[in-house]
Peer 1: 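I am attaching a structure below and will ask some questions about it afterwards.
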Amino acid sequence: MSADAVIVGAGFAGLYALYKLRGLGLETVAIERGEGVGGTWYWNRYPGARCDIESAYYSYSFSDELQDEWDWTEKYATQPEILAYLQHVADRFDLVRDIRFAEEVLSAEYDEASARWRVTTTKARIDCRFVVFATGCLSVPKSPEIPGLADFAGDLLRTHEWPTHVPDLAGRRVGLIGTGSSGIQVAPLLAEQAGHLTVFQRTANFSVPAHNAPLDPVEWARTKGNYRALRERSRWSASGSVPLDIEPVPALSVSEQERTSRYEERWRIGGMKFLQVFGDIYTDRAANDTAADFVRAKIADIVEDPRVARMLMPTDHPIGTKRICTDTDYYRMFNRPDVALVDVRDDPIVRIDVNGVVTDSGPHPLDVLVLATGFDAMTGALLKIDIRGRDGTRLRDHWSEGPVSYLGIAISGFPNLFMITGPGSPSVISNMVTSIEQHVDWIAEHIRFLDTHAVAASEALPDAELEWVAHVRDQAEATLYGEAASWYVGANVPGKPRVFMPYVGGVGTYRARCDEIAAEGYRGFALR
Ligand code: FAD
């Protein structure tokens with residue numbers, strides 16, 4: 001079969017790309033591995049799964065009608081509510097008729113003579129002009145490299161593929177491996193249900209309270225009344241969300257008392273805005289230490305057993321250089337008599353056997369094991385697909401030393417291929433919905449430009465790509481991000497090249513740069 005464009009993925013990115021490309025008059029088909037729309041919110045159904053950007057902004061802004069008619073119920077929406085929203089979007093804009101579900105894209109090969117891609121899926125071959133990868137930054141889960149996982153005789157649950165029928169946890173011994181965002185969200189709910197919960201922690205992460213609550217109707221009405229202006233602010237902000245109205249000053253420019261009181265105020269507000277309090281948290285280690293010390297002191301206050309509190313205090317990375325978690329009662333949970341913490345840095349996991357997890361100090365018998373072990377982030381989904389560009393160049397080879405791209409959108413040697421929130425774009429550092437909309441709008445405009453100028457193929461130039469990669473690296477090097485062995489640099493996947501992948505210069509700055517490149521007739525692209 002043939003189409004003008006193939007989109008891979010039907011999450012936030014794929015759905016909007018389908019809407020937009022269809023609007024250009026392109027015959028477009030989306031391919032989705034899952035059996036429904038939603039991407040992240042289709043797969044991650046574990047208890048406690050929520051967005052950590054306020055729902056008011058973790059949502060599309062492209063349609064005023066959609067925005068006006070939808071009401072969120074909580075400050076941070078739950079996974080079922082976000083999934084219902086995305087299903088509503090798919091129905092409202094009649095998107096489902098062009099999505100092929102339960103089908104996986106295996107390869108995509110470019111033919112230079114015809115300037116067309118051949119996309120091979122588990123069910124079909126599709127010949128198309130444009131291919132858009134909306135495959136997600138966090139869509140390929142990573143299993144722990146622990147021997148014996150397959151031997152475990154109890155129930156094995158993965159946060160990324162949470163089953164619809166969950167075994168009853170009441171009275172059972174549950175183990176949890178992984179204390180990133182998903183682990184920190186799911187743990188308190190597991191503790192409530194299980195007979196006993198053991199949390200196996202490799203890296204202590206910083207977490208701030210979400211203080212989630214039902215949306216206050218008056219405040220929500222105020223937001224809706226001012227939605228368009230607020231969205232515009234988000235688009236030009238650093239994070240892609242509406243920042244609090246506090247002028248950022250250096251942390252050490254104010255007295256200790258003033259600093260603590262500002263941190264206290266942010267802690268009371270809760271959420272990721274905690275770190276937007278001073279302007280130099282991400283660039284000055286001494287400033288960063290003040291925020292990290294504040295959170296460590298909070299942990300010491302909340303957790304009654306000082307030994308457990310110490311284990312929970314992150315010391316190996318500056319705060320914010322790994323995605324900060326937001327939680328509901330995570331630290332407090334460790335005060336329960338039926339919750340135990342094992343620090344696997346001190347007491348490493350040796351293997352998993354039929355009965356549970358075995359660490360250096362001995363066996364931990366379990367009935368249920370929950371894995372929240374993260375993702376092969378940003379490049380995992382793209383590199384799973386055999387993508388071959390001009391002259392048969394394989395993406396896996398082009399990226400053998402780490403991902404390179406122009407703007408995180410295009411790749412030299414791979415004409416008419418676009419990525420949504422690819423490595424080299426703000427992506428995972430930002431409110432991803434804002435970034436997704438920006439990318440899709442930009443790509444759609446680019447395609448419109450190609451058509452109005454009768455250009456068959458557009459390809460990033462190698463020099464532009466190298467320059468962009470250097471710019472992304474320079475931006476990261478001007479911050480503290482490099483001090484963390486995080487998934488931003490691929491450190492959680494053995495053998496993955498250590499390259500800092502997201503663009504940290506800010507969503508607004510990035511948008512301006514993309515707009516400038518478009519205004520200059522797509523500088524850095526070869527248009528043939
Ligand atoms: P995804 O939602 O990941 O969708 C990609 C889709 O592509 C998937 O459905 C996948 O099945 C499909 N796919 C991949 N490869 C193939 C293939 N070869 N063939 C066919 N289909 C394929 N971001 C925020 O900004 N704020 C948050 O609060 C937030 N919370 C999160 C919570 C969790 C638990 C997780 C995992 C991520 C969270 N994120 C958050 C990041 C989140 O991934 C993005 O916000 C957003 O949902 C990404 O949308 P997407 O469409 O780009 O990718």
Side-chain angles (χ1 to χ4, degrees), residues 6-18 29-46 48-55 57-60 75-79 82-83 85-86 89 99-108 119-123 131-142 158-162 178 180-186 210 234 239-241 271-272 323-326 372 374-378 380-387 419-422 425-437 439-440 487 502 507:
V6 166
I7 295 164
V8 191
F12 265 106
L15 290 178
Y16 183 43
L18 177 55
V29 58
I31 315 287
E32 168 56 57
R33 188 164 60 83
E35 287 177 1
V37 300
T40 288
W41 306 101
Y42 168 89
W43 296 106
N44 294 267
R45 294 165 189 246
Y46 59 86
R50 292 178 185 279
C51 52
D52 56 13
I53 305 273
E54 288 164 50
S55 324
Y57 305 105
Y58 188 71
S59 47
Y60 293 118
K75 185 174 173 192
Y76 300 104
T78 57
Q79 172 272 330
I82 304 172
L83 183 59
Y85 170 76
L86 288 168
V89 171
I99 307 175
R100 296 167 61 111
F101 292 108
E103 187 165 336
E104 183 165 356
V105 170
L106 304 173
S107 67
V119 175
T120 305
T121 76
T122 39
K123 295 181 183 165
V131 58
V132 178
F133 288 97
T135 40
C137 291
L138 301 170
S139 56
V140 175
K142 211 198 122 275
R158 299 168 200 267
T159 49
H160 175 73
E161 281 172 334
W162 201 257
S181 291
S182 300
I184 281 177
Q185 284 187 334
V186 77
S234 320
S239 66
S241 226
M272 299 181 88
R323 192 177 172 94
I324 194 165
C325 304
T326 58
F375 298 90
D376 181 353
M378 304 200 73
L382 289 161
L383 291 177
K384 254 183 94 179
I385 304 168
D386 186 9
I387 302 174
M419 298 177 290
I420 301 176
T421 66
S425 76
S427 56
V428 290
I429 297 281
S430 67
N431 171 2
M432 289 204 59
V433 184
T434 310
S435 289
I436 285 167
E437 286 193 321
H439 267 194
V440 172
W487 55 259
V507 166

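What you see is a predicted model; the values in this text were computed from it and never measured. For the single chain, residues carry numbers from 1 onward in sequence order. In each ligand, atom 1 is the first atom listed, and ligand 1 is the first ligand listed.
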Peer 1: Answer yes or no: does an N/O atom from C51 fall short of 3.5 Å to an N/O atom of ligand 1?
Peer 2: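 Looking only at distances, the answer is no, because the N/O contact criterion of under 3.5 Å is not met.
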Peer 1: What I want to know is whether M432 and ligand 1 share at least one N or O pair that is separated by under 3.5 angstrom.
Peer 2: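 The answer is yes, given that M432 and ligand 1 share an N or O pair closer than 3.5 Å.
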Peer 1: Of all the atoms in ligand 1, which lie at a distance below 4.0 Å from a heavy atom belonging to I385?
Peer 2: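 Here the atoms of ligand 1 in question are 18 (N).
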Peer 1: Pick one of side chain, backbone, both or neither for how R323 approaches ligand 1, counting any non-hydrogen atom pair under 4.0 Å.
Peer 2: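 R323 to ligand 1: side-chain contact only, backbone stays beyond 4.0 Å.
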Peer 1: Kindly give the heavy-atom pair with the smallest separation between I99 and A10, and that separation in Å.
Peer 2: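 Where I99 meets A10 most closely, the heavy atoms are CG2-CB, 4.1 Å.
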Peer 1: So, regarding Q185 and ligand 1 (criterion: nitrogen or oxygen to nitrogen or oxygen, under 3.5 Å), is there a contact or not?
Peer 2: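 Among all N and O atoms of Q185, none is under 3.5 Å from an N or O of ligand 1.
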Peer 1: Please confirm whether Y46 approaches ligand 1 to less than 4.0 Å, judged on its heavy atoms.
Peer 2: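 Yes, Y46 has a heavy atom closer than 4.0 Å to ligand 1.
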Peer 1: Do me a favour and list the nearest non-hydrogen protein atom to atom 48 (C) of ligand 1 with residue, atom name and distance?
Peer 2: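 Of the protein heavy atoms, I436 CD1, 4.0 Å lies nearest.
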Peer 1: Mind checking whether A134 contacts ligand 1 via backbone (N, CA, C, O), side chain (CB onward), both or neither, at a 4.0 Å heavy-atom cut-off?
Peer 2: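 For A134, the contact with ligand 1 is made by the backbone alone.
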Peer 1: If I compare all heavy atoms of A17 with all of V440, which pair ends up nearest, and what's the gap?
Peer 2: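 Taking A17 first and V440 second, the nearest heavy atoms are CA-CG1, 3.7 Å.
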Peer 1: If hydrogens are left out, which of L106, L15, D52 has an atom nearest to atom 28 (O) of ligand 1, that is, the closest non-hydrogen atom?
Peer 2: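 Heavy atom nearest to atom 28 (O) of ligand 1 belongs to D52.
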Peer 1: Taking 4.0 angstrom as the limit and counting only heavy atoms of I31, give me the atoms of ligand 1 inside it, by number and element.
Peer 2: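 In order of numbering, the contacting atoms are 20 (C), 21 (N).
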Peer 1: Do any N or O atoms from the side chain of N431 and from the backbone of G240 form a donor-acceptor pair under 3.5 angstrom?
Peer 2: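 It does hold such a pair.
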Peer 1: Tell me, please, which residues at least two apart from S59 pass side chain to side chain donor-acceptor pair (under 3.5 Å).
Peer 2: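 Residues passing side chain to side chain donor-acceptor pair (under 3.5 Å) with S59: R231.
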Peer 1: Determine, considering heavy atoms only, which of T159, I7, T40 sits nearest to atom 35 (C) of ligand 1.
Peer 2: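 Among T159, I7, T40, the closest heavy atom to atom 35 (C) of ligand 1 comes from T40.
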Peer 1: Quick one: closest heavy-atom pair of R50 and Y76, and the distance?
Peer 2: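 For R50 and Y76, the tightest heavy-atom pair comes out as NH1-O, 2.8 Å.
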Peer 1: Taking 4.0 angstrom as the limit and counting only heavy atoms of V8, give me the atoms of ligand 1 inside it, by number and element.
Peer 2: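 Near V8, the atoms of ligand 1 are 16 (C), 17 (C), 19 (N), 20 (C).
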Peer 1: With atom 45 (O) of ligand 1 as the reference point, say which of Y58, W43, F101 has the nearest heavy atom.
Peer 2: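 The nearest heavy atom belongs to Y58.
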Peer 1: Test of understanding: given a 4.0 Å heavy-atom threshold, classify the contact between V105 and ligand 1 as side chain, backbone, both, or neither.
Peer 2: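 For V105, backbone and side-chain atoms both sit under 4.0 Å from ligand 1.
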Peer 1: Touching ligand 1 at all, E103? Heavy atoms, strictly under 4.0 Å?
Peer 2: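 Yes, E103 has heavy atoms under 4.0 Å from ligand 1.
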Peer 1: Identify, by atom number and element, the atoms of ligand 1 in contact range of F12, meaning under 4.0 Å from any of its heavy atoms.
Peer 2: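 That gives atoms 47 (O), 49 (O), 51 (O) of ligand 1.
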Peer 1: Quick one: does I420 get within less than 4.0 Å of ligand 1, heavy atoms only?
Peer 2: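 No, I420 has no heavy atom closer than 4.0 Å to ligand 1.
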Peer 1: For a quick test of reading the model, state the closest non-hydrogen atom pair linking M272 to I53 and the distance between them.
Peer 2: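 Result for this residue pair: SD-CD1, 4.3 Å.
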Peer 1: How far apart are the closest heavy atoms of L138 and F375, and which atoms are they?
Peer 2: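 That would be O-CE2, 3.3 Å.
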Peer 1: Looking only at heavy atoms, which two atoms of S427 and C137 are closest? And how far apart?
Peer 2: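 Closest pair (atom of S427, atom of C137, distance): CB-SG, 4.1 Å.
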Peer 1: Give a yes or no on whether the backbone of K75 and the side-chain of E54 come within a donor-acceptor separation of less than 3.5 Å.
Peer 2: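 Checked: no pair found.
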Peer 1: Considering both backbone and side-chain atoms of R33, is one of its nitrogen or oxygen atoms within less than 3.5 Å of a nitrogen or oxygen in ligand 1?
Peer 2: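 There is such a contact, yes.
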Peer 1: Polar-atom distance check: F375 versus ligand 1, any N or O pair below 3.5 Å?
Peer 2: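 Looking only at distances, the answer is no, because the N/O contact criterion of under 3.5 Å is not met.
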Peer 1: What residue and heavy atom of the protein are closest to atom 4 (O) of ligand 1, and at what distance?
Peer 2: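 Answer for atom 4 (O) of ligand 1: G39 CA, 3.5 Å.
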Peer 1: Who's closest to atom 52 (O) of ligand 1 heavy-atom-wise, of A102, A13, G271?
Peer 2: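 That would be A13.
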Peer 1: For ligand 1, does S430 get within less than 4.0 Å through its side chain, its backbone, both, or neither, judged by non-hydrogen atoms?
Peer 2: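 Backbone only.
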Peer 1: Do the non-hydrogen side-chain atoms of T159 and Q185 ever get within less than 4.5 Å of each other?
Peer 2: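 No - every pair of side-chain heavy atoms lies 4.5 Å or more apart.
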Peer 1: Write out the residue and atom name of the closest protein heavy atom to atom 32 (C) of ligand 1, then the distance separating them to 0.1 Å.
Peer 2: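 Looking only at protein heavy atoms, the one closest to atom 32 (C) of ligand 1 is W41 CH2, 3.6 Å.
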Peer 1: Among all the protein's non-hydrogen atoms, which is closest to atom 6 (C) of ligand 1, and how far away is it?
Peer 2: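 Nearest neighbour among protein heavy atoms for atom 6 (C) of ligand 1, to 0.1 Å: E32 OE1, 3.5 Å.
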Peer 1: Where the closest heavy atom to atom 53 (O) of ligand 1 is concerned, which of S139, G34, G136, A108 has it?
Peer 2: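 Residue with the shortest heavy-atom distance to the ligand atom: G136.
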Peer 1: Between V37 and Y42, is there a side-chain heavy-atom distance shorter than 4.5 Å?
Peer 2: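 In short, these two side chains do not touch, never coming nearer than 4.5 Å.
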Peer 1: With R323 as the cation and W487 as the aromatic partner, state whether NZ or CZ is under 6.0 Å from the six-membered ring centre and within 45° of the axis.
Peer 2: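 Judged by the rule, R323 and W487 form no cation-pi pair.
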Peer 1: Taking 4.0 Å as the limit for heavy-atom contacts, which would you say applies to H160 with ligand 1: side chain only, backbone only, both, or neither?
Peer 2: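 No part of H160 is near ligand 1 at this cut-off.
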Peer 1: Side chains of S234 and T434: donor-acceptor distance under 3.5 Å anywhere?
Peer 2: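 Their side chains do not contain a donor-acceptor pair, so the 3.5 Å distance test is not met.
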Peer 1: To which protein heavy atom is atom 15 (N) of ligand 1 closest, and what is the distance rounded to 0.1 Å?
Peer 2: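 Result for atom 15 (N) of ligand 1: T135 CG2, 3.5 Å.
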Peer 1: Does a side-chain heavy-atom distance below 4.5 Å link V6 with T121?
Peer 2: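 The answer is no, as the side chains (C-beta and beyond) never meet within the 4.5 Å cut-off.
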Peer 1: What is the nearest protein non-hydrogen atom to atom 7 (O) of ligand 1, stated with its residue, atom name and distance?
Peer 2: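 The closest heavy atom on the protein side is G9 CA, 3.3 Å.
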Peer 1: Would you please say whether a donor-acceptor pair under 3.5 Å links the side chains of E437 and Y16?
Peer 2: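 No - no donor-acceptor pair under 3.5 Å links their side chains.
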Peer 1: Can you confirm if the aromatic rings of Y85 and Y58 lie within a centre distance of less than 6.0 Å?
Peer 2: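 For Y58 and Y85, the ring centres are not under 6.0 Å apart.
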